[in-house]
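Notes follow once the structure below has been shown.
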Amino acid sequence: MIHGMDTGFLVAAEVVEHADHLAARATLARLLSAGDVIAIAPQVLAEFIHIVTDPRRFAQPLEIAGAHRLAEQWWTARDVIRVFPDDAATQQFLAWLRQFLLGRKRLLDTLLAATYKQAAIASVLTTNPADIAIFGVFGCITPADAASAH
């Protein structure tokens, strides 16, 4: 199975001080050991670098070079496929903004969801399932699911 990854989940997986760090790593390990694959869109990596280098969010933010290295490792990882927004994803993004009356704080999540939908991805790794569930087309896997999988 292919699971799209959102930025929140990637941040949880890579930032040790994140409350969901260990659970996110356990979830990834479980999925990858089952032969599943992770999908990432480029906008996830841009947002990831922005977040993990922000000293207002973390006591020990990453340096930009370290954040860039991690993003590149994910982008080139063997178990990762790359997906991109296309015209159909952009049309879906605009339609969902109208349909669900979403504002400026939901733009990135909505474009990501539209990108994954157009790539025929039905499962999203997320720390905020409500942000994804609203679209009604994805199953959500959270870091907390690692604890319940045992």
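Scope of the values below: all heavy atoms of this structure, side chains included, with no hydrogens, waters or symmetry mates.
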Flag side-chain contact, heavy atom, 4.5 Å: [X] against [Y]:
X	Y	value
Leu28	Met5	yes
Phe84	Pro42	yes
Pro61	Val52	no
Ile38	Leu32	yes
Val16	Phe58	no
Thr115	Gln43	yes
His21	Glu14	no
Phe48	Leu70	yes

To the nearest 0.5 Å, what is the distance between [atom1] on [X] and [atom2] on [Y]?
X	Y	atom1	atom2	answer
Ile49	Glu72	CD1	CD	9.5 Å
Arg56	Ile51	CZ	CD1	11.5 Å
Arg98	Phe93	CZ	CZ	10.5 Å
Ile40	His3	CD1	NE2	13.0 Å
Asp54	Leu62	CG	CG	11.5 Å
Ile64	His50	CD1	NE2	10.0 Å

Is there a path of hydrophobic side-chain contacts, each under 4.5 Å between heavy atoms of I/L/V/M/F/W/Y residues, joining [Y] to [X]?
X	Y	value
Leu108	Phe135	no
Leu94	Leu102	yes
Ile81	Leu112	yes
Ile121	Met1	no
Val37	Val124	yes

(Q) Does Arg69 have more than 12 heavy atoms from other residues, nucleotides or ligands lying within 6.0 Å of its CZ? (A) no

- request: Kindly check if the number of other-residue, nucleotide or ligand heavy atoms within 6.0 Å of CD (Gln60) is above 12?
  value: no

Candidate pair Ile2 and Ser123, rule side chain to side chain contact (heavy atoms under 4.5 Å, CB included), full reasoning: CA-CA 7 Å; Ile2 300 172; Ser123 172; over 6 Å; no

All heavy atoms of Ala24 vs all of Pro143, minimum pair found to be N-CB, 3.7 Å

The side chain to side chain donor-acceptor pair (under 3.5 Å) partner of Asp6 among Thr127, Asn128, Thr126 is Thr126

Would you say the side-chain atoms of [X] pair up with the backbone N or O of [Y], donor to acceptor, closer than 3.5 Å?
X	Y	answer
Gln118	Pro85	no
Arg106	Asp131	yes
Asp20	Ala23	no

inquiry  = Centroid separation under 6.0 Å, is that true for the rings of Phe9 and Trp74?
reply    = no

Inset, instruction - Apply side chain to side chain contact (heavy atoms under 4.5 Å, CB included) to Leu107 and Leu97, showing your working. - result: CA-CA 8 Å; Leu107 296 175; Leu97 288 178; 3.8 Å; yes

